[in-house]
Amino acid sequence: MASRNLYAACLYIPYYGIIDQNHYIFHYFYIVKMAGVQFYPIDVRMRTIGQRPVITLYGRTVSGERIAVTDSNYFPYFYVVPKQGVETIEQDLLKIRVKVNDEIHSIIKVEKKKVKIFENEKNVLKCYVNSAFGSSYLFDEIRKLNISGIYENDIPLITSYMIDRRLVPCTLTDVEGEITNPSSKLPVMRADLLVQGDEQIINPKVLAFDIEIYSPKEKSASSESDQVLMISFYSDNYKKTILWKEFKTDDKSIEFVKNEFELLTAFKRVIDEFQPDIITGYASDIYSFPYLKKRAEKYGLKFDIGVDRTIADISNSETSIKGIAHVDVYKFISKIMASKLESDTFRLEDVALELTGEGKKQIDIGQLPEVWDESGDLSPFCDYNMNDAYLTYKIFGKMFPFLIEYVKLTNLDIFDVSRGNFSQFTEAFLVKESKFSNELIPGKPTHYENKETLHSFPVIEPEQGVYNNIAVFDFKSLHPSIIATHNISVGTLKCSCCTENVPGEEIHFCSKNAGFIPKLTGNLIDRKERILEILKTGDKTFEQQTQLTARYDAITSIAGSIYGVFSLPYSRWYNLECSKSIASYGRYYLNYVVDKAKDEKFDVLYADDDLIFFRLGSKKPEQARKFLDELNASLPEKMNLEHEGLYPRGMFVASKTGKETRRRYALLSDNGVLKVRGLESSKRNFSTIARETQEKVLDLILKERKLRKALEYVQTVISDVEENKIPLRKMMIYTQLAREISSYETIAPHVAVAQKMQKQGFNVIPGSIIRYIVGKGEGSIAENSQLPNEVKEYNADYYVEHQIIPSVEKIFEAAGVNFRNALDEKEQSSLSEFI
DNA sequence: GCGGACTGCTTACCT
DNA sequence: ACAGGTAAGCAGTCCGCG
C-alpha cells in the first residue's frame with residue numbers, strides 16, 4: 001500500500017461517523033500493521049449481527065480475486081430539530097430506551113450540529129442509534145419532547161453509508177483491515193478504513209446468457225410442463241451452449257448433459273466457475289430467471305449462486321444475486337435509453353441492430369420442439385441461442401458507459417441504476433449533494449391530494465400551409481438555466497431582502513444568497529458545457545469519446561429533471577411556487593424572443609415551450625445569426641438560445657379536425673433530409689405503408705415541389721394496395737402492450753393479438769410491442785387483426801380508408817388541394833403541376 | 001332491430 | 001414515479017327511428 005493511503009486515512013477519518021471518539025487513535029495504530037487491498041465494490045448489502053448493522057461490499061481485487069469487505073463501524077442516524085436550544089432536549093434523548101422483542105433500542109450518541117434546512121442555518125442534534133432498524137421505535141418517545149421536526153429518518157442505511165464514506169460503486173477502493181477467514185474461497189476483510197482515490201473504474205467480467213424452452217405451437221407454453229432445453233453463455237473469449245439432446249457436431253463450445261435437471265445444475269456450475277461481476281440477460285428479470293426458478297423447483301434445486309453461496313433472490317419482477325450485479329438489459333434500454341433509440345420496438349434483434357449494427361440469425365425457432373423430438377440437427381438452434389446471448393453481451397457493452405455515469409452521479413450500485421428511472425436518479429443525486437453540502441434532506445411527502453395543475457405555455461399557433469426559409473431557434477436546457485439564473489429554490493423563496501416578482505406571479509426569490517439547488521443546477525450546466533468543449537477538440541480515443549458522451553447525457557437528463565423535482569407532489573423537494581415560477585419565467589423568455597424577432601421584422605410562425613420558428617423573408621441567413629448573437633448577449637449568462645437550423649422549406653399540417661397545427665410539421669433541410677414531427681409517419685402505431693406513403697408525399701411536395709406527381713403517387717399506392725401487390729411486412733402495425741393482458745377493459749386490436757400470442761406460448765409481457773396486420777373478415781378490426789405470420793390476405797379497404805388516405809389528406813390540404821376532389825377528377829386539370 | 005353518434009379507453013407523440 | 005396536453009383509433013353503448 002502506498003503511503004498516500006495513510007495520508008488519506010487522516011483526511012477522511014472525520015467522515016467516519018464512528019461513535020466512540022477513541023476509535024480514531026485505535027484505528028490509526030491498526031492501519032500501520034494491517035494488510036491493505038485494492039478492490040472494486042460491485043454489490044453493497046446490509047445485514048445485522050444481533051441488532052447491529054454490518055455493511056458488506058462485495059467486489060473484486062485488482063489482482064482479480066473476489067472479496068467481501070465488511071464494515072461494522074457505521075451506525076444509523078437521524079437529526080432532531082429542537083424548538084428551543086439544543087441543550088433543552090439533549091439529555092432527554094440519551095435517556096430514551098425502547099424494548100422490542102428483548103432488544104433495547106436507544107440513542108448512543110448525540111452531536112450538536114449546525115446544518116441547513118432549505119438553506120437556512122439551524123442548530124440540530126444528530127442522533128446515532130445502536131441498532132439497524134431501531135430508529136422507528138424511538139420516534140414516539142422523541143415526539144413527546146419539545147421538538148419541531150425529525151430529518152433523514154427515511155434515508156436507507158446503505159444510501160447514507162455510501163455517501164458518508166464517499167464511496168462510488170465500481171470505483172477502485174483502498175481498504176485497510178484484517179482478513180478474518182484466510183483459507184476460505186471468498187476472503188472476508190473486516191475493514192478499518194475505506195478510501196477511494198482517483199476515479200478508476202472496474203473493467204468488469206460480464207457474462208450474458210439466454211435460454212430456450214420447449215414450446216410447441218398452438219399450445220400455451222407453461223413453466224409447469226415445458227422444459228428448458230438449452231442455455232447459452234457468452235463473454236469475451238468465452239462461449240458455451242449446453243443442451244440435453246445429443247446430435248453430431250464438431251463445435252467445441254457445445255456441451256451435452258443428460259436431462260433438464262443436469263442442465264439447470266450446469267447453469268449453476270458455469271456461473272460458479274466463470275465468476276462474473278455482472279450477469280446479464282434480455283428480459284431476464286421478468287422471463288429467464290423466474291422460468292429457471294420454476295423449473296428448478298420441480299427438482300428441489302436451489303440457485304445458490306451468490307458469491308457467498310446464498311440463494312439468488314428470484315421474484316417475478318426482479319432477480320438479485322449476492323455479490324453479482326444482475327442487469328436486465330431490456331429494462332435499462334426500455335426505460336433510460338429508449339429516447340436515444342430510433343427503433344419502434346425493443347425486440348433484441350432491433351435494439352442490437354441499431355446499437356451494434358449486428359443482425360439476428362434468421363431461423364424459425366418455432367421448429368425447435370419438432371426437431372428436438374425427431375432428434376434432428378439442432379445446430380441451427382444452438383447458433384440461434386448463442387447469438388441471443390452474444391447480442392445481449394454486445395448491447396450491454398454499449399450501455400455500460402451510461403450505467404457508470406449514473407453510478408458516479410448518484411452512488412447507487414449497478415443493480416439499482418439498471419432498474420431505476422430518471423426521477424430516482426435525480427432524487428439520489430440531490431440526496432448525495434445535500435449530504436455533501438450539509439443540507440438536511442427533506443422527508444418524503446406523506447399526502448399530496450392538493451395537487452394543482454399547471455398551465456402550459458401560451459404558444460404562437462402556426463397556420464397550416466407551406467413556407468419557405470424557416471429559421472428555428474431553441475433554448476438549450478431552458479428550465480435548468482432558469483433555476484440557476486433566478487435562484488429558484490425553497491429556501492430563497494420570499495426572502496425579506498428582495499422584492500422583484502417573477503413575471504406574472506406574486507412570488508419573488510432572493511437575488512443575493514445562492515440557493516442549494518440553483519447552485520447545483522448551475523454546476524451541472526457548467527459541467528455540461530465543459531464536456532461539450534472537450535468533445536469539440538480532437539485527439540480522443542473512441543472510448544473517451546463514448547464516455548464523455550455518456551457523461552454529457554447523464555448530466556443533461558439529471559439537470560432536466562430538477563424542474564420535475566419541484567413539480568412532482570411525491571418528491572422530497574416538491575414546491576408548487578417554485579414550479580409555477582419556472583414555468584412563468586419560461587413563458588416570459590419565450591415571449592421575449594418572439595417580441596425581439598417581431599421588432600426585427602421577422603415573421604414568427606410558431607412558438608412553443610422553448611422553441612421558435614420564423615420566416616427569414618427577404619433577410620439573409622447571416623442576419624438571422626447576427627440576431628441570435630445579439631439576443632444571446634442580452635440574455636442571462638447561463639441562458640442560451642441555439643440556432644437549431646435553417647430550413648429552405650417546411651409545412652405545418654392540421655390535425656384531422658383542423659383544430660390543431662402545433663407539434664405537427666415537416667421541415668426540409670439544406671441537405672434534403674426531412675424532419676417530421678407529430679405526423680403519422682413518426683407514429684409507430686401506423687402501418688409502414690401509410691408512413692412511407694406520407695413521407696414520399698412530403699418529399700414530393702417539399703423537395704421536388706411536384707403536387708400532381710404526389711397525387712399520382714398516392715393513386716398508385718392505393719391501386720397497388722387494392723390489387724394486393726404490397727408485401728405483408730409493410731402492412732405491419734406496432735402497438736405497445738402497456739399492462740397485463742387480463743387487465744384490459746376494451747379489447748383493442750393489439751390486445752386481441754396479444755391474447756392469441758399468449759395462447760401460442762409467446763412471452764407477452766407488459767411493455768411488449770405487439771405487431772399485427774389487419775386481415776379481411778366480418779366483425780371488428782380487433783377480431784380481424786392477426787399475427788404477421790398467420791395473416792392470409794390483408795384488408796385493403798381498411799388500409800386505404802383508415803391508414804393511407806388519412807395520413808396524406810391534410811398534407812394536400814395544407815398545400816392548397818382538396819385531396820378527395822382531386823382524387824375523383826379523372827384529368828385533374830384544375831390541379832397545378834408545381835407548387 | 002339497426003345504424004349512426006357519442007363516450008370512454010388506450011396509445012403515442014411533442015416540448 | 002417525467003409532466004402535461006392533445007390527437008385519434010377503436011370498442012362498446014346509447015339513442016332515435018321505425
Side-chain angles (χ1 to χ4, degrees), chain A residues 335-336 338-339 344-345 419-428 444-445 448 451-459 461-462 472 474-479 557-572 574 576 579-580 582-583 586-587 590 606-613 644 652-665 675-687 690-691 733-739 743-752 754 766-770 772 774 779-785 798 801-803 806-807 809-810:
Chain A
K335 279 158 93 171
I336 304 300
S339 60
D344 287 328
T345 79
R419 287 165 183 75
N421 55 42
F422 289 118
S423 62
Q424 283 169 293
F425 297 160
T426 307
E427 178 169 301
K444 283 199 170 125
Y448 33 81
K451 199 194 164 198
E452 223 179 280
T453 48
L454 298 166
H455 303 290
S456 78
F457 298 170
V459 270
E461 192 79 35
V472 178
D474 62 357
F475 277 106
K476 222 161 70 172
S477 300
L478 178 62
H479 292 150
S557 63
I558 286 189
S561 302
I562 290 178
Y563 172 46
V565 157
F566 289 126
S567 320
L568 302 176
Y570 46 80
S571 153
R572 293 175 186 272
Y574 172 69
L576 189 66
S579 171
K580 274 206 277 202
I582 297 164
R587 194 179 314 139
L590 188 69
Y606 174 45
D608 190 355
D609 210 39
D610 55 3
L611 189 67
I612 172 167
F613 287 39
E644 200 274 329
F652 289 98
V653 182
S655 64
K656 206 173 176 184
T657 55
K659 248 179 31 197
E660 185 83 63
T661 38
R662 72 201 273 233
R663 299 178 181 183
R664 289 178 59 84
Y665 58 85
K675 178 173 179 170
V676 184
R677 289 292 120 97
L679 305 184
E680 287 75 2
S681 59
S682 46
K683 296 175 78 165
R684 71 163 161 233
N685 59 353
F686 256 77
S687 61
R691 295 169 72 179
I733 296 168
Y734 301 89
T735 306
Q736 184 170 45
L737 188 76
R739 356 186 248 259
S743 69
Y744 281 92
E745 287 181 40
T746 33
I747 307 304
H750 73 291
V751 183
S768 296
I769 310 281
I770 308 297
Y772 65 90
V774 178
S780 68
I781 309 295
E783 286 164 54
N784 291 299
S785 294
Y798 171 81
E801 290 299 325
H802 294 268
Q803 295 274 325
S807 58
E809 205 174 8
K810 287 285 165 181

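Lettering of chains follows the sequences in order, A, B, ..., and the numbering in each one begins at 1.
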Rounded to the nearest 0.5 Å, what separation is found between the CZ atom of A:Arg691 and the CZ atom of A:Arg684?
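The distance works out to 9.5 Å.
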
Could you grab the distance from atom OH of A:Tyr574 to atom CG of A:Leu568, nearest 0.5 Å is fine?
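So the gap between those two atoms works out to 9.0 Å.
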
Cation-pi check, A:Arg662 onto A:Tyr606 ring (under 6.0 Å, within 45° of axis)
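The answer is no, since A:Arg662 fails at least one limit relative to A:Tyr606.
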
Tell me the closest heavy-atom pair linking A:Ala690 and A:Gln803, and the distance in Å.
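The pair with the smallest heavy-atom distance is CB-O, 3.6 Å.
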
Where do A:Leu679 and A:Val653 come nearest, in terms of heavy atoms and distance?
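Heavy-atom minimum between the residues: CD2-CB, 3.8 Å.
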
Heavy atoms under 4.0 Å, any strand shown: does A:Ser561 hit a base, just sugar-phosphate, or nothing?
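Answer is nothing: A:Ser561 stays at 4.0 Å or more from every strand.
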
Given atom [atom1] of [X] and atom [atom2] of [N], what is their separation to the nearest angstrom?
| X | N | atom1 | atom2 | answer |
| --- | --- | --- | --- | --- |
| A:Ile562 | C:dA3 | CD1 | P | 16 Å |
| A:Glu809 | C:dA8 | CD | P | 11 Å |
| A:Phe566 | C:dC2 | CZ | P | 18 Å |
| A:Glu801 | C:dA8 | CD | P | 17 Å |
| A:Ile582 | C:dC2 | CD1 | P | 18 Å |

Check the angle between the aromatic planes of A:Tyr563 and A:His479 and answer parallel, tilted or perpendicular using the 30° and 60° thresholds.
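Because their plane-to-plane angle lies in the 30° to 60° range, the rings of A:Tyr563 and A:His479 count as tilted.
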
Give the ring-plane orientation class for A:His802 versus A:Tyr798, where under 30° counts as parallel, over 60° as perpendicular and anything between as tilted.
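Parallel.
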
Flag the pair A:Glu461 / A:Thr661 as yes when at least one side-chain heavy-atom distance between them is below 4.5 Å, and no otherwise.
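Side-chain contact under 4.5 Å: yes.
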
Reading nucleotides 8-15 of chain B 5' to 3', which nucleotides get B (base under 4.0 Å from a protein heavy atom), which S (sugar-phosphate only), which -?
-SSSSSBS

Hey, is the side chain of A:Tyr574 poking within less than 4.0 Å of OP1 or OP2 on C:dA1, counting only N and O atoms?
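Result: no.
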
Identify, residue by residue, the members of residues 420-428 of chain A with a heavy atom below 4.0 Å from DNA chain C, and return them in order of residue number, or none.
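Residues of residues 420-428 of chain A that come under 4.0 Å of DNA chain C are, in numerical order, A:Asn421, A:Phe422, A:Ser423.
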
Going through the distances and angles, do A:Val472 and A:Asp474 end up as a side chain to side chain contact (heavy atoms under 4.5 Å, CB included)?
CA-CA 7 Å; A:Val472 178; A:Asp474 62 357; 5.5 Å; no

Nearest of C:dA1, C:dC10, C:dA7 to any side-chain atom of A:Tyr798?
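Nearest nucleotide to the side chain: C:dC10.
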
Please measure how far the P atom in B:dC9 lies from the corresponding atom in C:dC2, and state the result in whole Å.
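It comes out at 24 Å once rounded to the nearest Å.
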
